[in-house]
Protein chains: 2
Amino acid sequence: MEKLINYLLQFGQLNPHQIELIKSKAITIKLARDHFYFEAGKVQREVAFLTEGIIRICYYNRDGDEITKYFLDENNFVVDVNSYTLQIPTVEYAQAITNCELVIISRENMQELSMTIIGWDAIINKITVKGMADKVNRISPMLAEDATERYLNFMKKFPNLAHRIPQLYLASFLGITPTSLSRIRRQISE
Amino acid sequence: MEKLINYLLQFGQLNPHQIELIKSKAITIKLARDHFYFEAGKVQREVAFLTEGIIRICYYNRDGDEITKYFLDENNFVVDVNSYTLQIPTVEYAQAITNCELVIISRENMQELSMTIIGWDAIINKITVKGMADKVNRISPMLAEDATERYLNFMKKFPNLAHRIPQLYLASFLGITPTSLSRIRRQISE
DNA sequence: AATGCTTCTTGCCAAATGGCAAGTTTCGTC
DNA sequence: GACGAAACTTGCCATTTGGCAAGAAGCATT
C-alpha cells in the first residue's frame, strides 16, 4: 500500500487526508504464481498496482501461438487501459509468473477519487502516458536488434528478473524460440 | 483544420463556440518532403496534427544506425509526448517523407484551451492514450513475425502507404536490410 | 528417495537474413 | 535530353535462427 502512495507522489502532490482517502479505497490481494489476474474476454472493472512479483501480459495470435507482449515488475500498474476506459473486453491475459501482491482500486472508487481529489486525474494521466511510453520505448528498438542484443538488453534492464522468468516466456517476448535462447545463453557464457 | 475538429469530436463533445475557439488557436503549416518537423535536442513547445502526408519518426542507435521507429499518416498527432509534457529535449526526429500539412497548436494555447473548455483534458488524454496504445499494438506483434509477415501486415495496414515510402526507411522500420526487403518483394510478386 | 512431468539443452540440417559488391533503375538537376 | 547521385535489384556466400527430435536436468508429488 505504501508503495502505491510513494509511486503516486512521484507524479503529483497529495496531502495526508487525501492519502488516507486513497488507502481507504484500495485493497491488497495476493495472486499465486501461474494464476491469471485477468483473461481475454473479460472487461476491466478495476486497476491494479503491482507491489510484489512479476506479471506477464500475453495473447494468442491467429496461428494459436502464445505471444508474451511484455513483463511488468514491481511499481507498475496492471491494467488494459483500452478495456478499462472503454469498458470493452480485453484480448489479453495477465499471468503471475511469481507470487504477486496487488493493490486494487475499483472503477467506482477511482471515479470517486477523481471527483474528490483535485489533480487526481492529472496524476493518473501522467502515470498512464509514462507506462505506455515505457512500453513503446522498450519494445521498439528490439526490432533493430538481433536476438543476442535483445537478450543482453533485457538482462541489463531487468538484472534480477531473467532468472525468475521461465525461458519459454522470455523467448516468446524476445521473439525467438526457446531453443535459440538456450544457444544464445550458452554462447554468452563462453 | 476541419480534419482536426472531426478527429477531436470522435473523443468528446464540443459546441460550435468551442470549435471556433479551437480554430482560432490553431494554425496550418506546410512541410516539404524530406524536411524535419522536429529534431533531436529540441524541446517540444507545440502539438501538431497531421492532416496531409506521411511523417516518419526515427532516431540513431549507439552504432549510429538510423532506426525508423514508426510512421504516421493523416489524422494523427505528431508530438513527442515526453518532451512536450516534461519540457525536456527529444531524442527523435520527425521527417516528412511526402509533402505534409500540419495543424499546430502551441503549448500556451493548449493550456488556454484546457482552462476554457470543460472536457478538453479528457479528450486530449483519450487521444494520447489511444495513440500510444496503437503504437504498442502495432509494433509488439512484429517481434513474433518473420520479415515477410511484417511486410505483408504493413501493406495490409497501409495499402496506400507502402509505395510512397522509400524502401530504405520501410526496411529500417521492419527491422531488416533494404536488400532483404527487395528480395521479399520479389518473392511475393512471383 | 522414486516417479513422472515439464523445462532446458544439444545436435543435425533447412530456411531466413545479412554483408558486400556489382549492375540496374529511378529521379532530380542542369 | 544528358548527367550524376541516390535508391533499388541481384548474385554470392557467411551468419543467424528455426524445426525437429533425443537426451539431460530441474521440480513437484508421492
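The structure displayed is predicted, hence computed values, not measured ones. Values below: all heavy atoms of this structure, side chains included; hydrogens, waters and symmetry mates excluded. Numbers restart at 1 for each chain; the letters A, B, ... are given by sequence-line order, proteins then strands.
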Between [atom2] of [N] and [atom1] of [X], the distance in whole Å:
| X | N | atom1 | atom2 | result |
| --- | --- | --- | --- | --- |
| B:I97 | D:dA7 | CD1 | P | 13 Å |
| B:I184 | D:dC8 | CD1 | C1' | 14 Å |
| A:L143 | C:dA16 | CG | P | 19 Å |
| B:R185 | D:dT10 | CZ | P | 12 Å |
| B:I176 | C:dA16 | CD1 | P | 13 Å |
| A:L181 | C:dT9 | CG | C1' | 11 Å |
| A:D34 | C:dT7 | CG | P | 9 Å |
| B:Y151 | D:dC8 | OH | P | 11 Å |

Report yes or no: is the cationic atom of A:R45 (NZ for Lys, CZ for Arg) under 6.0 Å from the centre of the six-membered ring of A:Y84, at an angle within 45° of the ring normal?
no

Verify whether one side chain among B:R56 and B:Y93 offers a donor that lies under 3.5 Å from an acceptor in the other.
no

Among D:dT17, C:dC8, D:dC8, the one nearest A:L168 by side-chain distance
C:dC8

Considering just the side-chain nitrogens and oxygens of [X], establish if one lies under 4.0 Å of OP1 or OP2 belonging to [N].
| X | N | value |
| --- | --- | --- |
| A:Q167 | C:dT6 | no |
| B:R186 | D:dT10 | yes |
| A:T177 | D:dT17 | no |
| B:S180 | C:dT17 | no |
| B:Q187 | C:dA16 | no |

Let me check something: do [X] and [Y] share a hydrophobic cluster, defined by ILVMFWY side-chain heavy atoms less than 4.5 Å apart, either directly or through other members?
| X | Y | result |
| --- | --- | --- |
| A:V81 | A:V43 | no |
| A:I97 | A:I67 | no |
| A:F154 | A:I188 | yes |

Please check if the distance between the ring centroids of A:F173 and A:F71 is under 6.0 Å.
yes

Identify whether any heavy atom of B:P166 sits under 4.0 Å from a base atom; if not, whether one sits that close to sugar-phosphate; answer base, sugar-phosphate or nothing.
sugar-phosphate

Tell me, for nucleotides 20-30 of chain C in 5' to 3' order, what letter each nucleotide earns: B for a base near a protein heavy atom under 4.0 Å, S for only sugar-phosphate near one, - for neither?
B----------

Salt bridge or not for A:R138 and A:D134, using N-O below 4.0 Å?
no

